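Below is one structure, written out as structure tokens, with a few remarks after it.
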Number of protein chains: 2
Amino acid sequence: MLNKEIRPIQWSDNSLYLLDQTLLPHSETMIQLKTWPETVDAIKDMRVRGAPALGVTAGYAMALAAMELNQCKEGFQQFISKLTEISAKIHAARPTAVNIRWAITRQLQVANKCKDELEASNELLKEAQKMEREDVEINRCIGEHGRNLISYGNILTHCNTGALATAGYGTALGVVRASWENGNKIHVFHTETRPFLQGARLTAWELARLGIPSTMIVDGAAGLFMNEKTIQHVIVGADRIAANGDTANKIGTYSLAVLANENSIPFYVAAPISTIDLTIATGGGIPIEERPADEVTHLGEIRTAAPDTKVRNPSFDITPARYITAFITENGVIRQPFETTIPATI
Amino acid sequence: MLNKEIRPIQWSDNSLYLLDQTLLPHSETMIQLKTWPETVDAIKDMRVRGAPALGVTAGYAMALAAMELNQCKEGFQQFISKLTEISAKIHAARPTAVNIRWAITRQLQVANKCKDELEASNELLKEAQKMEREDVEINRCIGEHGRNLISYGNILTHCNTGALATAGYGTALGVVRASWENGNKIHVFHTETRPFLQGARLTAWELARLGIPSTMIVDGAAGLFMNEKTIQHVIVGADRIAANGDTANKIGTYSLAVLANENSIPFYVAAPISTIDLTIATGGGIPIEERPADEVTHLGEIRTAAPDTKVRNPSFDITPARYITAFITENGVIRQPFETTIPATI
């Protein structure tokens with residue numbers, strides 16, 4: 001069991017260590033981050049990605065910032081003021097996933113309860129480590145709640161929502177794992193997930209490590225496999241869920257949801273409660289990050305597209321709540337009507 | 001005007017010359033094919049692709065076969081028998097596009113009307129050249145019939161259906177070109193079209209050459225741009241159209257059709273009449289080619305996917321007729337109900 005556990009976010013020697021996901025599957029390299037700006041860069045460069053993993057990483061970035069500010073000895077008021085400024089920069093690293101905001105808000109609350117910089121610096125590290133432990137526990141809980149919903153047949157998933165997208169175990173892929181570990185005979189179909197190939201590079205790697213049988217398809221092939229009844233369930237993660245259930249997730253999710261609906265296939269979203277953003281009424285209020293064109297025009301250093309090709313590269317889309325069969329959270333399965341069931345579950 | 005005309009299939013010096021589409025956009029190289037087996041290999045390797053281009057190429061492959069058999073001097077009966085055998089091998093090179101079958105059937109009919117091998121060998125070359133000329137004329141005709149249907153706004157297309165997919169001008173992209181040349185203010189959104197990247201490599205290159213403004217997106221982003229009302233029309237080509245209007249086209253087309261329908265966006269299929277296969281009642285009867293896994297797991301020589309990733313790589317999918325607003329053919333626009341309008345138009 002132990003060797004298959006992936007821990008992409010680790011704290012050691014006053015440094016944050018991240019499994020560099022841009023190098024997977026070719027190389028399993030932990031990068032050492034000693035400062036919060038290095039951590040922000042790692043987030044922007046997608047060395048760490050996945051909403052829950054971004055939350056935990058942001059928690060550690062806040063701890064690194066607190067340690068640095070603690071060295072300045074400028075007084076606690078100045079400490080809080082500068083920590084708040086830094087938190088805005090961490091927040092801006094990737095705008096769509098709500099988990100970064102959730103983590104920095106939680107860390108600012110911890111800091112505000114402290115009496116001085118030293119205490120705050122210690123407490124923020126403890127809190128980040130707690131977030132990390134909690135995330136794994138939450139994911140196992142999501143897995144237990146969801147495993148019976150996807151207990152047979154072929155399960156389609158998108159992007160990477162496994163241990164790599166979290167502090168460990170995974171959300172949607174955690175439910176798949178829980179179903180598999182429960183002895184269910186399942187098979188995973190996963191998209192390659194253009195443009196960043198999280199499916200090809202990360203999900204395929206995780207599923208192989210877990211021994212779960214799987215098949216990769218290009219994103220555009222999902223419709224065919226749903227229409228010919230190869231797929232029995234679709235399960236994805238989420239980067240932000242509005243109060244009404246509208247869900248931001250990796251680009252292509254909306255298409256999968258419409259196709260699942262059209263083919264009468266249940267469509268599940270697995271995510272921790274921290275992904276739900278009650279301050280936003282509907283999906284229209286969720287900011288959609290647009291990433292650089294070269295993610296689409298190049299593969300690594302190699303240009304694949306014709307010269308001067310103009311690109312739009314939104315990294316996420318919004319799936320209207322009406323296409324979602326249920327949310328699977330650590331507090332249980334949330335079904336329609338989400339306007340009432342979501343607030344009741346939090 | 002002249003320098004923007006692309007002629008990907010040319011006959012010269014007793015050889016077939018093809019613009020090698022696997023090398024585009026980085027290199028514009030014409031490859032010389034002196035025999036029919038070389039031509040079959042070029043089809044299998046997708047150095048030439050696109051249903052109408054495959055038809056014209058198959059016509060020339062038959063001409064090359066006839067020339068070769070004419071050297072054998074084994075009598076006309078034996079000539080016809082061997083030419084028929086070879087035609088089956090050409091047909092098998094790529095199974096989904098009906099245009100190959102259409103071309104070899106037409107060439108066998110021409111051969112059967114001849115009195116000897118020499119005449120047949122001459123006539124098959126003339127017929128292939130006629131197919132090539134006709135294809136460009138047909139495409140211009142499709143463009144004229146369709147240009148007013150996509151006269152404004154953002155037009156989404158998939159794969160490559162331009163001059164490169166034909167003997168010249170293009171089908172769906174030909175309609176776009178006709179609309180643009182008619183002075184309409186339009187903008188093209190096109191998918192990159194995984195796995196073979198026909199959109200990124202070929203469509204982007206053709207649109208730039210024609211000076212038509214365009215934006216590339218990953219296949220999975222099409223839904224978002226339809227849902228947010230950025231796209232006003234969708235137009236694609238076809239590899240085979242069943243008698244009831246069900247249409248085989250590049251993998252991902254079905255998804256685009258469902259998404260267009262869900263968002264009340266007209267969905268057009270532009271194709272020559274030769275793409276319609278009345279011998280097949282519905283899409284269920286159309287064979288779907290499955291291509292090698294390494295198209296998905298690799299980019300050129302570079303492996304992108306995790307080791308041992310299993311893949312399904314169907315190259316086409318079937319769009320049920322109910323999602324199709326109209327077919328645009330050289331004989332005019334065909335609207336629902338296709339069961340009666342398709343046979344009436346042929």
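What you see is a predicted model, and the numbers here were worked out from it, not measured in a lab.
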Scanning both residues in full, the closest heavy-atom pair of A:Ala306 with B:Pro25 reads CA-CG, 3.4 Å
To check you understand the geometry: which heavy-atom pair defines the closest contact between A:Ile251 and B:Gly220, and what is its length? CG1-O, 3.9 Å
What would the table of donor-acceptor pairs between chain A and chain B look like if you include every N and O pair under 3.5 Å, whether backbone or side chain?
| from | atom 1 | to | atom 2 | distance (Å) |
| --- | --- | --- | --- | --- |
| A:His26 | NE2 | B:Arg303 | O | 3.1 |
| A:Glu192 | OE1 | B:Arg194 | NE | 3.4 |
| A:Glu192 | OE1 | B:Arg194 | NH2 | 2.7 |
| A:Glu192 | OE2 | B:Arg194 | NE | 2.6 |
| A:Glu192 | OE2 | B:Arg194 | NH2 | 3.4 |
| A:Arg194 | NE | B:Glu192 | OE1 | 3.4 |
| A:Arg194 | NE | B:Glu192 | OE2 | 2.5 |
| A:Arg194 | NH2 | B:Glu192 | OE1 | 2.7 |
| A:Arg194 | NH2 | B:Glu192 | OE2 | 3.4 |
| A:Ala200 | O | B:Ala306 | N | 2.9 |
| A:Met216 | N | B:Lys310 | O | 2.7 |
| A:Met216 | O | B:Arg312 | N | 3.1 |
| A:Gly220 | O | B:Gly252 | N | 3.3 |
| A:Asn227 | ND2 | B:Tyr254 | OH | 3.3 |
| A:Gly252 | N | B:Gly220 | O | 3.3 |
| A:Tyr254 | OH | B:Asn227 | ND2 | 3.3 |
| A:Tyr254 | OH | B:Asn263 | OD1 | 3.4 |
| A:Tyr254 | OH | B:Asn263 | ND2 | 2.9 |
| A:Glu262 | OE2 | B:Tyr323 | OH | 2.5 |
| A:Asn263 | OD1 | B:Tyr254 | OH | 3.4 |
| A:Asn263 | ND2 | B:Tyr254 | OH | 3.0 |
| A:Arg303 | O | B:His26 | NE2 | 3.1 |
| A:Ala306 | N | B:Ala200 | O | 2.9 |
| A:Lys310 | O | B:Met216 | N | 2.7 |
| A:Arg312 | N | B:Met216 | O | 3.1 |
| A:Tyr323 | OH | B:Glu262 | OE2 | 2.5 |

Would you mind checking which part of [X] comes under 4.5 Å of any heavy atom in chain A, side chain (CB onward), backbone (N, CA, C, O), both or neither?
{"X": "B:Pro314", "value": "side chain"}
{"X": "B:Leu24", "value": "neither"}
{"X": "B:Leu197", "value": "side chain"}

For A:Ala208, is it the side chain, the backbone, both or neither that has a heavy atom under 4.5 Å from a heavy atom of chain B? neither
Contact class of A:Leu256 relative to chain B, heavy atoms under 4.5 angstrom: neither
Interface residue of largest heavy-atom contact number with chain B, from A:Pro213, A:Pro320, A:Ala305, under 4.5 Å: A:Ala305
Choice from B:Ala293, B:Gly199, B:Ala200 maximising heavy atom contacts with chain A below 4.5 Å: B:Ala200
Taking only residues two or more places apart in sequence, or in another chain, which ones meet B:Phe316 in a ring-ring contact (aromatic ring centres under 6.0 Å, His included)? none
